[in-house]
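Reading through the C-alpha cells given below for one structure.
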Amino acid sequence: MRMSVIGCGYLGAVHAAAMASIGHDVVGIDTDEAKVCALAAGTAPFFEPGLSEILQTGVAGHNLRFTTDIRAAAGSDVHFVSVGTPQQAGGYAADLTYVDAAMDGLLPHLRPGDVVAGKSTVPVGTAAGLARRVRDTGATLAWNPEFLREGWAVKDTIDPDRIVVGVETVDGSPTEHGARAIEQLRDAYRPAVEKQTPFLVTDYATAELVKVAANAFLATKISFINAMAEISEATGADVTLLADAIGHDGRIGRRFLGAGIGFGGGCLPKDIRAFAARAEELGRSESVAFLREMDAINLRRRERAVQLVLEALDGSVHGKRIAVLGASFKPHSDDIRDSPALDVAVRLHGLGGQVVVTDPAALDNARRVHPHLTYIDDRDAALRDADVVVLVTEWDEYRRQMPPEHAASLVRGKVVVDGRNCLDAAAWRAAGWRYFGMGRP
Ligand code: UGA
C-alpha cells in the first residue's frame with residue numbers, strides 16, 4: 001500500500017519505518033527540516049533500539065522517504081496522523097495545535113476513498129469533530145491509537161498485542177465507509193492480522209478512550225505500588241516483597257508494580273492530566289478524580305528520593321559530590337521529557353549538592369535542557385570520589401554491570417540510594433555499602 005505518516009516524532013518515525021519494513025511504500029512528513037534530513041539519510045534522530053536498521057533498509061530500498069512537503073501525501077491510500085499532543089502551556093489539557101495543523105495541511109490532498117488514520121493521543125470527542133471535515137473530501141477517518149513503549153517501539157509497532165480501530169458507526173455498526181476503512185487498515189497491518197493479533201473495531205469515542213484508559217491504568221498501577229511504598233516506609237515493610245507477593249495473583253500481576261521514583265516521559269504524566277481535564281469538560285471530573293491523586297503520589301516519590309539522600313548524608317548535601325546514575329525517564333531511551341531521574345538531579349543541585357549526572361544515551365538531551373548540571377559520559381568517572389550514589393534510571397549498566405565491590409573502589413562514601421529498587425540490597429550491604437531503597441527498610 002502507499003502510505004503517508006504525518007508527524008515523525010517518537011511515534012511517527014518508528015511507524016513510518018516499521019510500515020516500510022513490512023513492504024509498504026511510505027512517505028514520512030514532518031515540519032522539522034533537521035529531523036527530516038536525518039531520517040532521509042537513514043539516521044534515527046533519537047535513540048530507539050532497532051530503528052536505525054529498519055530506517056536504513058527502507059531508505060536504501062526506496063520504499064521509505066521523508067519530506068517537509070505535505071503535498072507528498074497526495075496519492076497515498078492511508079494517511080497516518082501521528083503528531084504530538086503535548087500538555088498545554090498554562091494548563092492540564094492537551095494542546096491540539098499540531099493535530100489541527102496536520103489536518104489543515106492534509107485535507108486538500110485527500111482523494112475519495114483515502115483513509116486518514118489518527119494515531120495521536122487526543123481527548124475523547126476529537127475524532128468525531130475531525131471526521132466531518134475528512135468526510136467532505138470523500139475520504140474516511142479512522143481512529144487507530146498506538147500502544148508502543150519507547151525502547152520497544154519497533155517490536156511493538158510490527159508485532160503489537162492488539163490493534164484498535166475506531167470508525168463512524170450507526171446503531172453500533174460501522175457505516176459503509178467505516179467498513180471500507182477497516183479493510184484498508186487490516187491490509188496495512190497484514191502481518192499482525194495474519195498472526196491472529198486481536199483486531200478490535202469500535203466507535204470513535206471508544207478508540208480514543210482505550211488509549212487514555214490504558215495509560216491511566218498503567219499510571220494508577222505504578223502510583224498504587226508507590227502509595228504502598230509510602231506505607232511501607234511508615235511500618236518497616238518491604239514494598240518489593242509486597243509487590244512480589246501480590247503480583248503472584250494472576251488478577252493483579254507483577255508487571256508495572258515497580259516502586260521507586262515513579263513514572264515520567266512524554267505520555268503517562270500528560271495523558272492522565274489531559275484525561276482529567278477532559279473529564280471535567282464533560283462534567284464527569286469526579287469519575288477520574290483519583291488520577292489527580294495518582295499524579296500527586298507520583299510527584300511525591302521524587303521528593304522522597306531527595307529526602308533519602310539528605311538522610312544518608314546527615315541532613316545536608318551542601319558541597320557533597322553526588323553521582324546520579326541515569327537521566328532518561330526509563331532505560332533503553334534517550335527521552336528526558338518529564339524525567340523523574342533528571343528532576344531528582346535538579347533538586348539535589350538546587351540544595352547545593354555537587355551533582356554529576358551520567359547516562360548511556362540521554363546526556364545530550366539533558367545538557368540542552370539543564371546546562372547548569374555537570375555531565376560525565378563515563379560511569380566510573382562519575383562514581384569517582386562520590387559521597388553518595390543515586391541510581392535513578394535502571395539501565396543494565398548500573399543494575400547488572402556494576403558490581404558493588406567495583407563501585408566501592410571508586411567512591412569516597414559507600415552510600416547508595418536506589419531510586420528504582422533494582423539493586424541487590426544484600427549484595428551491596430555485604431560489600432560494605434549503606435543501601436537505601438524506596439519503600440524498603
Ligand atoms: C507508555 C505506555 O506504557 C505505552 O503503552 C504507551 O503506548 C505509551 O506510554 C504512549 O502513550 O505512547 P512509555 O511512555 O514508553 O509507554 O513508558 P512506560 O514503559 O510505560 O514507562 C513509563 C514510566 O513509568 C517510566 O518512567 C518508568 O520508569 C515508570 N515505571 C514503569 C515505574 O516507575 N514502575 C514500573 O513498574 C513501570
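Remember, it's 1-based here, ligands and their atoms both numbered in the order they're listed. Please read all numbers here as calculations on a predicted model, not as lab measurements.
- Distances below 4.0 Å separate heavy atoms of L218 from the following atoms of ligand 1: 2 (C), 3 (O).
- Considering backbone and side-chain atoms alike, G264 places an N or O below 3.5 Å from some N or O of ligand 1.
- Using a 4.5 Å heavy-atom cutoff, the side chains of V317 and L310 are in contact.
- Both tests hold for R162 against F147: distance to the six-membered ring centre under 6.0 Å, angle to the ring axis within 45°.
- From the protein, the heavy atom lying nearest to atom 21 (O) of ligand 1 is K330 CD, 4.0 Å.
- A heavy-atom distance below 4.5 Å is not found between the side chains of P340 and F263.
- Distances from atom 2 (C) of ligand 1 to the heavy atoms of N215, N421, I261 put N215 nearest.
- Two residues are said to be in side-chain contact when any heavy atoms from C-beta on lie closer than 4.5 Å; L11 and V14 fail this criterion.
- The single protein non-hydrogen atom nearest to atom 26 (O) of ligand 1 is F329 O, 2.8 Å, given as residue, atom name and distance.
- Look at G258 and you'll find a heavy atom under 4.0 Å from some atom of ligand 1.
- Around CZ of F217, the count of heavy atoms belonging to other residues, nucleotides or ligands within 6.0 Å does not exceed 12.
- Within 6.0 Å of atom OH in Y98, 12 or fewer heavy atoms from other residues, nucleotides or ligands are found, so the atom counts as exposed in its surroundings.
- Looking only at protein heavy atoms, the nearest one to atom 9 (O) of ligand 1 is C267 CB, 3.3 Å.
- Contact analysis puts I222 in contact with ligand 1, with a non-hydrogen atom separation below 4.0 angstrom.
- Within the 4.0 Å heavy-atom shell around ligand 1 one does not find K221.
- Proximity of R190 to I22: side-chain heavy atoms (C-beta onward) are nowhere separated by under 4.5 Å.
- Using a 4.0 Å heavy-atom cutoff, G262 is listed among the residues neighbouring ligand 1.
- At the shortest separation from atom 33 (O) of ligand 1 among protein heavy atoms lies R420 NH1, 3.3 Å.
- Here D295 pairs with R273 in a salt bridge; the nearest charged N to carboxylate O distance falls below 4.0 Å.
- Counting heavy atoms closer than 4.0 Å to ligand 1, residue T393 contributes nothing at all.
- Looking only at heavy atoms of the protein, atom 20 (O) of ligand 1 is closest to F256 CZ, 3.3 Å.
- Taking CZ of F46 as the start and CG of D334 as the end, the distance is 8.0 Å to the nearest 0.5 Å.
- When hydrogens are left out, the protein atom nearest atom 22 (C) of ligand 1 is L268 CD1, 3.8 Å; that is the closest non-hydrogen contact.
- Nearest protein heavy-atom contact of atom 15 (O) of ligand 1 is E150 N, 2.8 Å.
- Residue L257 touches ligand 1 through its backbone alone, judged by heavy-atom distances below 4.0 Å.
- More than 12 heavy-atom neighbours from other residues, nucleotides or ligands sit within 6.0 angstrom of CD on Q401.
- The environment of CZ in R284 is sparse: at most 12 heavy-atom neighbours from other residues, nucleotides or ligands sit within 6.0 Å.
- Nearest protein heavy-atom neighbour of atom 5 (O) of ligand 1: F147 O, 3.0 Å.
- Ligand 1 has an N or O atom lying under 3.5 Å from an N or O atom of L148, backbone or side chain.
- For ligand 1, the polar-atom distance check finds an N/O of K211 within less than 3.5 Å of one of the ligand's N/O atoms.
- Between L325 and W395, every side-chain heavy-atom pair lies at or beyond the 4.5 Å cut-off.
- Atoms of ligand 1 found under 4.0 Å from any heavy atom of E146, numbered from 1 in the order shown, are 7 (O).
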